[in-house]
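First up is the structure itself, then whatever we jot down about it.
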Amino acid sequence: MRRKYKRKKYKAMGFVEALIAIMVSGMSAVILMQIAANTMQDMIQNERIDQATQYAVEGAVMAQAIATKDKEVGGGLFPKLSGVDRCFAMEKRNNGDYGFVQDENGSFKSYVPETDRNLYKEQAVVYDEKGEKTEYFRILCINYPPQESYSFLIGRVIVGQSTSTGEISKGAQVKDYSYYTSIKLL
């Protein structure tokens with residue numbers, strides 16, 4: 001009779017061990033899924049940062065193309081100010097040229113990055129190569145020197161997501177990206 005009791009006890013211990021093994025494998029699966037989810041989130045962030053970088057470099061090329069065209073036509077295409085720092089939206093026009101966005105009076109639309117983010121994130125939208133609206137915006141901030149005549153400018157292209165606050169990279173949102181460039185005028 002004692003042997004039967006030991007067998008039952010042994011069978012019960014096997015059941016508890018099986019439950020422990022299932023719990024351990026379940027916790028391992030949860031941890032591995034969390035690692036996979038974090039990796040996917042990091043990959044999405046990296047892809048968005050890479051896209052913002054691409055749009056920023058493209059913006060620097062656009063600014064130089066506008067400055068070059070401005071020199072060729074004798075002015076009027078590139079905003080010229082002295083001692084005032086302003087940001088401008090750029091666009092690709094129907095004829096394939098680049099230009100700064102202007103209002104109905106022909107004045108260049110300018111922005112202050114610290115206060116006008118909600119305004120320019122809607123007005124400075126980046127369009128992809130198919131002409132479709134993206135979730136990104138792009139502006140060029142120009143640091144104008146105090147003197148009246150200058151041959152180059154320092155520019156900062158800011159690219160960000162219109163769905164984001166632009167302050168921190170978290171989840172599918174990324175911080176606004178700044179790209180510094182020099183623009184040769186003469």
Spell out, yes or no, whether [X] and [Y] are grouped together once hydrophobic residues are joined by side-chain heavy atoms under 4.5 Å, including indirect joins.
X    : Y    : answer
L77  : L185 : yes
V73  : I66  : yes
Y177 : Y120 : no
L153 : M62  : yes
V101 : Y136 : no

Is there a donor-acceptor contact under 3.5 Å from the side chain of S178 to the main chain of I158?
->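 No; judged by distance alone, with no hydrogens or angles, the pair does not exist.
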
Exam field: side chain N105 to backbone S107, donor-acceptor pair closer than 3.5 Å =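 Checked: no pair found.
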
Start with the C-alpha gap between Y98 and K69, add the side-chain angles, then the distance that decides, and say whether side chain to side chain contact (heavy atoms under 4.5 Å, CB included) holds.
-> CA-CA 9 Å; Y98 302 114; K69 184 80 168 179; over 6 Å; no

Could I get the full list of side-chain hydrogen bond (donor to acceptor under 3.5 Å, both in side chains) partners for Q34, not counting sequence neighbours?
-> N38

Inter-residue atom distance [X].[atom1] - [Y].[atom2], 0.5 Å rounding:
X    : Y    : atom1 : atom2 : answer
E122 : D116 : CD    : CG    : 13.0 Å
Q102 : S110 : CD    : OG    : 12.0 Å
I20  : S25  : CD1   : OG    : 12.0 Å
N46  : Q41  : CG    : CD    : 11.0 Å
K121 : L119 : NZ    : CG    : 10.5 Å
C87  : F100 : SG    : CZ    : 10.5 Å

Over all atoms of both residues, closest heavy-atom pair of [X] and [Y]:
X    : Y    : value
A124 : I139 : CB-CG2, 3.6 Å
F78  : D70  : N-OD1, 3.2 Å
I183 : L140 : CD1-CD2, 3.9 Å
F108 : G76  : CZ-O, 3.5 Å
D176 : G160 : OD1-CA, 3.4 Å
Y180 : R156 : OH-CD, 3.1 Å

From the options K133, K92, E132, select the one residue that forms a side chain to side chain contact (heavy atoms under 4.5 Å, CB included) with Y127.
->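 Of the listed residues K133, K92, E132, the side chain to side chain contact (heavy atoms under 4.5 Å, CB included) partner of Y127 is K133.
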
Side chain to side chain donor-acceptor pair (under 3.5 Å): which pairs involve residues 49-61, sequence neighbours left out?
->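 Found Q51-Y55, E58-R138.
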
Q123 vs Y111, side chain to side chain contact (heavy atoms under 4.5 Å, CB included): CA-CA, chis, key distance, verdict = CA-CA 10 Å; Q123 295 178 355; Y111 309 97; 2.7 Å; yes

